[in-house]
Asker: 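I have a structure here, written as structure tokens, and I will follow up with some questions on it.
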Amino acid sequence: MTAIPAHHADTVARLRREVCALHAELIRWNLVTWTSGNISARVPGADLMVIKPSGVTYDDLTPESMVVCDLHGTPVEGAHAPSSDTDAHAYVYRAMPEVGAVVHTHSTYATAWAARGEPIPCAITAMADEFGADIPVGPFALIGGDDIGKGIAATLAGHRSPAVLMRGHGVFTIGRDAKAAVKAAVMCEDVARTVHLAREHGPVDRLPQHHIDALYDRYQNVYGQRGPRQEEGADS
Ligand SMILES: O=C(CO)[C@@H](O)[C@@H](O)COP(=O)(O)O
């Protein structure tokens, strides 16, 4: 195995802790069954990523059990075999330099949309906020190799949505960091459930595009705490 350059050691140690801890969020939000989801994060400035080990139950995950791989999916540091989706994550990092993290789940409602091969229409404000569009469907691809990654990148490149429903499989989300990608996975399941429940009682209309655009812009650029006043602790 190739050694990790010393100047990346602190970052890798931090990402081992972060990626490990965020798997608890997949359980907390009921997005995974047994060992069926995974999280990875890119090591900024290096052709490396930190990813969950394959098939290890979430209670047994530790920072030390995370696996560091290069961006072709080859393990570089770690005693465990990496996630079976390692090649998919690695392909996304190679193809989408702006992506800092990838999350995969089989969350129930979103995966039901994936099983139907149907995009989730952007019908509610929470969806316009986070996704800015319908949540798209990517192609079916077998696990292992580059095909899942190719499908994710081809579907999400140039798309506002940080989530894709891989046909007949489940959800992949991307983000600038692991927390953002986990948030997208949580929100994806939430809106998948809401729109599904709404459709049980009748047709659901997509929001008008100008409303989607306005909601997305506000949530991405205005919503929440931002700017120097908050950083200085001002409260009025
Ligand atoms: O999607 C699948 C299997 O369908 C896998 O991602 C899932 O079971 C998780 O596998 P890993 O434990 O990450 O190897």
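Whatever order the structure lists them in is the order used to number ligands and atoms, beginning at 1.
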Asker: Using atom types as modelled and distance alone, determine if a side-chain donor or acceptor of Asp147 lies under 3.5 Å from a backbone N or O of Leu142.
Answerer: no
Asker: Give the residue and atom name of whichever protein heavy atom lies nearest to atom 5 (C) of ligand 1, and the separation in Å to one decimal.
Answerer: Asp85 OD2, 3.3 Å
Asker: Under the criterion ring-ring contact (aromatic ring centres under 6.0 Å, His included), I'd like the reasoning laid out for His89 against His104: C-alpha separation, chi angles, the key distance, then a yes or no.
Answerer: CA-CA 9 Å; His89 291 235; His104 173 49; 7.5 Å; no
Asker: Would you mind checking which non-hydrogen protein atom is closest to atom 10 (O) of ligand 1, with the distance to 0.1 Å?
Answerer: Ser84 OG, 3.2 Å
Asker: So does Ala114 get a backbone contact from the side chain of Thr111, meaning a donor-acceptor N/O pair under 3.5 Å?
Answerer: no
Asker: Can you pull out the closest protein heavy atom to atom 12 (O) of ligand 1? Residue, atom name and distance to 0.1 Å, please.
Answerer: Lys52 NZ, 2.6 Å
Asker: Just jot down the ligand 1 atoms closer than 4.0 angstrom to any heavy atom of His106, in number order.
Answerer: 1 (O), 2 (C), 3 (C), 4 (O)
Asker: Quick one: which ligand 1 atoms are inside 4.0 Å of a heavy atom on His169?
Answerer: 1 (O), 2 (C), 4 (O)
Asker: Considering only non-hydrogen protein atoms, determine which one is nearest to atom 8 (O) of ligand 1 and report residue, atom name and distance to 0.1 Å.
Answerer: Ser36 CA, 3.8 Å
Asker: Just by modelled atom types, is the Tyr93 backbone N or O under 3.5 Å from a matching donor or acceptor in the Arg42 side chain?
Answerer: yes
Asker: Considering only protein heavy atoms, which is closest to atom 9 (C) of ligand 1, and at what distance to one decimal place?
Answerer: Thr35 O, 3.3 Å
Asker: Nearest to atom 3 (C) of ligand 1, what protein heavy atom do you find, and at what distance?
Answerer: Ile143 CD1, 3.4 Å
Asker: When you measure from the side chain of Glu118 to the backbone of Trp113, do you find a donor-acceptor pair of N or O atoms at a distance under 3.5 Å?
Answerer: no
Asker: Between the side chain of His80 and the main-chain N/O of Pro82, is any donor-acceptor distance below 3.5 Å?
Answerer: no
Asker: Which protein non-hydrogen atom lies closest to atom 13 (O) of ligand 1, naming both residue and atom, and how far is it?
Answerer: Ser83 OG, 2.7 Å
Asker: Answer side chain, backbone, both or neither: which part of Val56 comes under 4.0 Å from ligand 1, heavy atoms only.
Answerer: neither
Asker: Ion pair present between Lys179 and Glu18, side-chain N to carboxylate O less than 4.0 angstrom?
Answerer: no
